[in-house]
Amino acid sequence: MTENDFEKIAFSLRPRLLSLARGFLSCKETAEDVTQETLLRLWIMRQRCRTEDDAAAIATAVAKNLCIDIWRKKKEMRFADLETIADKVCAAAPDEGVTDENLQRLHRAMLLLSQRDRRMLRMRHEGGMDVKQIAAAIGIAPRSTSVALCRAKERLWKILQTDGYE
């Protein structure tokens, strides 16, 4: 593929890639970054592309993968924020009259979780226990405990989102 061929293909692919990235991501600037990174990677792989359809397929796959990576990192960051807040809540006794609005929301959300979920999250954050210790205390396999903790965090996050936490 020549430089001129690549420029024509990139020009025609750009709107599709930008639309795809905007579908995944809420931030227009991030979608633009994904589009640029995709075109850069396509340039590097241009020798693999024999036709415009090949280029479109590769570019679409690259853009989707980049968007998924960004989405996963944002999700991990949300859980990291949630764990930080959970640590603060567990450190504060419920009768201390927590003043931070997010901490109050977290207290309310914790009350809406099942007793098992609350117990596991408190063991993890308040007690500082690792997955093996929690598994031994509850009486289930460590892998199951890991999954249960993740699901408890997801349920907590959903409750917090419905309560206006961002």
Side-chain angles (χ1 to χ4, degrees), residues 16-42 44-45 48 57-166:
R16 275 194 276 170
L17 294 172
L18 191 56
S19 176
L20 180 128
R22 283 186 181 164
F24 271 92
L25 309 166
S26 58
C27 178
K28 291 180 183 178
E29 291 81 20
T30 307
E32 183 67 39
D33 291 344
V34 165
T35 303
Q36 290 297 326
E37 179 69 20
T38 301
L39 291 174
L40 176 65
R41 291 184 184 190
L42 186 61
I44 293 168
M45 296 186 287
R48 293 184 193 173
I58 290 171
T60 301
V62 167
K64 283 181 182 179
N65 288 336
L66 288 171
C67 289
I68 290 169
D69 287 347
I70 291 169
W71 182 79
R72 283 181 179 157
K73 286 177 186 172
K74 283 183 180 180
K75 187 175 179 182
E76 288 171 8
M77 286 173 42
R78 286 184 194 158
F79 280 131
D81 291 343
L82 182 61
E83 287 190 7
T84 301
I85 293 171
D87 287 339
K88 288 180 184 177
V89 168
C90 291
D95 57 342
E96 285 182 8
V98 178
T99 57
D100 185 8
E101 187 178 330
N102 285 335
L103 293 178
Q104 290 175 355
R105 285 182 179 149
L106 189 58
H107 273 299
R108 287 192 304 265
M110 289 287 284
L111 293 173
L112 295 174
L113 291 174
S114 70
Q115 185 176 3
R116 178 180 176 216
D117 288 349
R118 269 196 315 268
R119 183 176 175 212
M120 284 191 316
L121 288 172
R122 288 190 186 272
M123 281 190 248
R124 180 78 171 152
H125 296 287
E126 192 175 303
M129 297 171 75
D130 64 16
V131 173
K132 287 182 182 178
Q133 293 169 326
I134 295 170
I138 294 177
I140 58 177
R143 179 74 180 140
S144 299
T145 303
S146 227
V147 171
L149 271 169
C150 184
R151 288 185 180 156
K153 288 177 191 175
E154 286 175 358
R155 283 190 281 273
L156 183 60
W157 183 249
K158 284 180 184 178
I159 292 168
L160 285 169
Q161 284 179 319
T162 60
D163 192 26
Y165 178 82
E166 299 260 349

Asker: Rounded to the nearest 0.5 Å, how far does CE of M45 lie from CG of L40?
Answerer: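 One finds 9.5 Å between CG of L40 and CE of M45.
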Asker: Could you give the distance from CG (L17) to CG (L39), rounded to the nearest 0.5 Å?
Answerer: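 It comes to 5.5 Å.
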Asker: Tell me, please, which residues at least two apart from D130 pass side-chain contact (heavy atoms from CB on, under 4.5 Å).
Answerer: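 Testing D130 for side-chain contact (heavy atoms from CB on, under 4.5 Å), a comparison that skips the adjacent residues, returns R124, K132, Q133.
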Asker: Excluding sequence neighbours, so at least two apart, what forms side-chain contact (heavy atoms from CB on, under 4.5 Å) with S19?
Answerer: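 For S19, no residue satisfies side-chain contact (heavy atoms from CB on, under 4.5 Å) once neighbours in sequence are set aside.
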Asker: To the nearest 0.5 Å, what is the distance between CE on M129 and CE on M120?
Answerer: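 Those atoms lie 11.5 Å apart.
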Asker: My understanding is that only residues two or more places apart in sequence, or in another chain, count here; which of them pass side-chain hydrogen bond (donor to acceptor under 3.5 Å, both in side chains) with E32?
Answerer: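 In terms of side-chain hydrogen bond (donor to acceptor under 3.5 Å, both in side chains), with neighbours along the sequence ignored, E32 is linked to R14, Q36.
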Asker: Once you round to the nearest 0.5 Å, how far does CZ of R16 lie from CG of L18?
Answerer: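 If we round to the nearest 0.5 Å, R16:CZ and L18:CG are 13.0 Å apart.
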Asker: Hey, does L66 have a side-chain heavy atom less than 4.5 Å from the side chain of T38?
Answerer: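 Heavy-atom side-chain distance check passes, below 4.5 Å.
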Asker: Once side-chain contact (heavy atoms from CB on, under 4.5 Å) is applied, do any residues pair with I68, and if so which ones, sequence neighbours excluded?
Answerer: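 Once residues adjacent in sequence are excluded, the partners of I68 under the side-chain contact (heavy atoms from CB on, under 4.5 Å) criterion are F24, R72.
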Asker: Which residues pass the side-chain hydrogen bond (donor to acceptor under 3.5 Å, both in side chains) test with R155, sequence neighbours left out?
Answerer: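 Partners of R155 under the side-chain hydrogen bond (donor to acceptor under 3.5 Å, both in side chains) test: D117.
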Asker: What pair of heavy atoms forms the shortest contact from S146 to V131, and how long is it?
Answerer: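 So the minimum-distance heavy-atom pair works out to N-CG1, 4.0 Å.
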Asker: Give the intermediate values and the outcome of side-chain contact (heavy atoms from CB on, under 4.5 Å) for residues T60 and L20.
Answerer: CA-CA 8 Å; T60 301; L20 180 128; 4.0 Å; yes
Asker: Please give me the minimum heavy-atom distance between A21 and T35, naming the atom from each residue.
Answerer: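 Distance-wise, the nearest heavy atoms are CB-OG1, 4.4 Å.
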Asker: Any heavy-atom pair between the side chains of M110 and L113 that's under 4.5 Å?
Answerer: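 L113 vs M110: side chains touch.
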Asker: Check side-chain contact (heavy atoms from CB on, under 4.5 Å) between S144 and all other residues, then give those that pass, not counting sequence neighbours.
Answerer: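 S144 satisfies side-chain contact (heavy atoms from CB on, under 4.5 Å) with I140, A141 only.
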Asker: At what distance, to the nearest 0.5 angstrom, does CD1 of I58 lie from CD1 of I44?
Answerer: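 So the CD1 of I58 and the CD1 of I44 are separated by 12.5 Å.
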Asker: Could you note down all residue pairs passing salt bridge (Lys or Arg N to Asp or Glu O under 4.0 Å) where residues 17-31 supplies at least one of them, sequence neighbours left out?
Answerer: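 Residue pairs passing salt bridge (Lys or Arg N to Asp or Glu O under 4.0 Å), neighbours aside: none found.
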Asker: Under the rule for side-chain hydrogen bond (donor to acceptor under 3.5 Å, both in side chains), what residues qualify as partners of R41, not counting sequence neighbours?
Answerer: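 With sequence neighbours excluded, R41 shows a side-chain hydrogen bond (donor to acceptor under 3.5 Å, both in side chains) to E37, given in chain and number order.
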Asker: Can you tell me how far CD1 of I134 sits from CZ of R119, rounded to the nearest 0.5 angstrom?
Answerer: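 These two atoms lie 10.0 Å from each other.
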